[in-house]
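As structure tokens, the structure follows; a few thoughts come after it.
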Amino acid sequence: MMRKTSVILLSAATGAALTLFVTQPRAVFMGSSARAATADTYRQLNLFGDVFERVRSDYVEKPDDTKLIESAISGMLTGLDPHSSYMDAKSFRDMQVQTRGEFGGLGIEVTMEDGLIKVVSPIDDTPASRAGVMANDIITNLDEEAVQGLTLNQAVEKMRGPVNTKIKLKIIRKGQDNPIDVTLVRDNIRVRSVRARVEADDIAYIRITTFNEQTTEGLKREVANLSNQIGDKLKGYIIDLRNNPGGLLEEAVTVSDSFLEKGEIVSTRGRNAEETQRRTAHAGDLTKGKPVIVLVNGGSASASEIVAGALQDHKRATIVGTRSFGKGSVQTIIPLGSGNGALRLTTARYYTPSGKSIQAKGIVPDIEVLQDVPDELKSRTDTKGEASLRGHLKNDGDEKTGSQSYVPPDAKDDKALKLAGDLLHGIKNSASAAPTPGDNKGATTDKPKAAN
């Protein structure tokens, strides 16, 4: 019997992402020592059974058997490493929605403010934008039910639903004396994982927020749009991967392939040598050889690090910013059958084209740029990184932990973005911009939402 599983790459703080593949069950041939170990394992399982029955019979209140089993599975997996875990049926469904990058909903990005839902922005050409929902609108009721008392996730879940179903929102809008009632019909919403704009009239800036099933197509679309807008004066591309927690392995590979003509992109290596897989680039550079700057920081993890590492090793891009998160492991999603959720199990490490593991080390930028952080945010703008997570997979040599992850909200204050523009305009080159030990001359280093 063949089992369908899923490969994922993600940071400690993000949802899952997956690529489907098929594996054959392994044949088992055991010698005497293996049989002895197996017998010992079954004795331990008997111990678990004894404890389970004692809890069921003697606990002060009657426990839920399903929750007991799920908690036991969860404890077993979380004891392995920070990224292995058990997902119940609902968490598994949520993960699948996230990785598909599309769902039935209204098309608004929202946040929680004072117990109410505040609209961050409506997504273009969605039910919300067509109905006139505006940024900063406050949603107080969903189908006559008060939002106050719900968590953000609960409210988002209520706004999502099957396509062509209706939901009524009560909205408070600044400047309006009375609440506004709006009835929306849910539609298929695609999450924009790629956003783009023109910088300084001649630079294509592309921000990738996550790696879901829509990312590569979004990248291709934005590259075509920007190259048409800018025309022959196009100086190059800035690919912003800052605070991108990762996502689909296949999308990381195809995004990297978009900038490369040939060569290895990434290799994944499991416990056994025969499990090693190598992904290589195909001819065809989407940007036609234009210069590329990639921005990373302490929040750039997993799939983001695959892209940055591949382009850095092939010298296709200059990496600017601060050291990345350092998550160099691959997780496999193993469905457990209808209604039983899935396992998220670490099954391999990944390596950059040069054979370097970034596990608990991260991608070191070619040019380090530290941002000026407001005093009130200084205690919250460093990401501890993979090496600080309890139970993380160890790496040979010195592990590195902690890196700045602050991105200024105003582009004019963004030092990494400004340096990237200067490099593409030839105002600085990577050699002169890189700081030298003990010499600050020419250095660029300055010391110190949910969609539905």
Let me confirm one number: the [atom1]-[atom2] distance from [X] to [Y], rounded to the nearest 0.5 Å.
| X | Y | atom1 | atom2 | answer |
| --- | --- | --- | --- | --- |
| L106 | R186 | CG | CZ | 6.0 Å |
| K62 | S57 | NZ | OG | 10.0 Å |
| F259 | Y237 | CZ | OH | 8.5 Å |
| E157 | Q154 | CD | CD | 8.0 Å |
| R349 | Y351 | CZ | OH | 5.5 Å |
| R190 | E213 | CZ | CD | 9.5 Å |

Could you tell me whether the side chain of [X] and the main chain of [Y] form a donor-acceptor pair under 3.5 Å?
| X | Y | result |
| --- | --- | --- |
| T126 | G107 | yes |
| Q371 | V407 | no |
| N188 | G104 | no |
| K290 | L234 | yes |
| Y350 | S302 | yes |
| R344 | S84 | no |
| H314 | E264 | yes |
| K235 | A204 | no |
| Q214 | R100 | yes |
| T210 | N212 | no |

Within the 3.5 Å criterion, strictly below it, is a donor on [X] or [Y] matched to an acceptor on the partner's side chain?
| X | Y | answer |
| --- | --- | --- |
| S405 | N297 | no |
| S324 | E305 | yes |
| S193 | T215 | yes |
| T254 | D257 | no |
| T216 | E251 | yes |
| R316 | T287 | yes |
| H83 | E386 | yes |
| D313 | S354 | yes |

Check the pair E250, R279 against salt bridge (Lys or Arg N to Asp or Glu O under 4.0 Å), reporting the backbone distance first and the verdict last.
CA-CA 9 Å; E250 286 303 322; R279 308 297 179 89; 2.2 Å; yes
For the student: nearest non-hydrogen atoms of [X] and [Y], plus distance:
| X | Y | result |
| --- | --- | --- |
| N395 | Q359 | ND2-O, 2.7 Å |
| G105 | P127 | O-CG, 4.1 Å |
| D240 | R207 | O-NH1, 3.3 Å |
| D413 | P408 | O-CG, 3.5 Å |
| V369 | A416 | CG1-N, 3.7 Å |
| A128 | I108 | CB-CG2, 3.1 Å |

Charged N to carboxylate O under 4.0 angstrom, [X] versus [Y]?
| X | Y | value |
| --- | --- | --- |
| R56 | E53 | yes |
| K418 | D422 | yes |
| E274 | R269 | no |
| D50 | R54 | no |
| E199 | R197 | yes |

Run S300 and R242 through side chain to side chain donor-acceptor pair (under 3.5 Å) and show every step you take.
CA-CA 5 Å; S300 304; R242 291 175 297 181; over 6 Å; no
Within 45 degrees of the ring normal and closer than 6.0 Å to the centroid, is that where the cationic atom of R160 sits relative to F103?
yes
Step by step, work out the side chain to side chain donor-acceptor pair (under 3.5 Å) result for S91 and D88.
CA-CA 5 Å; S91 298; D88 61 22; 3.0 Å; yes
State, yes or no, whether a side-chain contact exists between [X] and [Y] at a heavy-atom distance under 4.5 Å.
| X | Y | answer |
| --- | --- | --- |
| L152 | I117 | yes |
| L226 | V198 | yes |
| M159 | I167 | yes |
| I69 | D65 | no |
| T346 | Q331 | yes |
| L343 | L77 | yes |
| L47 | L45 | no |
| D81 | H392 | no |

Among all residues two or more places apart in sequence or in another chain, which pass the side chain to side chain contact (heavy atoms under 4.5 Å, CB included) test with K288?
none
Walk me through whether I206 and V223 qualify under side-chain contact (heavy atoms from CB on, under 4.5 Å).
CA-CA 8 Å; I206 298 175; V223 167; 3.7 Å; yes
Mind running side-chain contact (heavy atoms from CB on, under 4.5 Å) on V294 and T318 for me, showing each step along the way?
CA-CA 6 Å; V294 175; T318 300; over 6 Å; no
Please say which of D285, L286, I265, T280 ends up in a side-chain contact (heavy atoms from CB on, under 4.5 Å) with L260.
I265
Do other residues, nucleotides or ligands put more than 12 heavy atoms under 6.0 Å from H425 NE2?
yes
For the CG atom on D398, are there more than 12 heavy atoms of other groups (residues, nucleotides or ligands in this structure) within a distance under 6.0 Å?
no
Might you work through the side-chain contact (heavy atoms from CB on, under 4.5 Å) test for K400 and R323, ending with a clear yes or no?
CA-CA 9 Å; K400 303 293 183 182; R323 187 179 60 251; 3.4 Å; yes
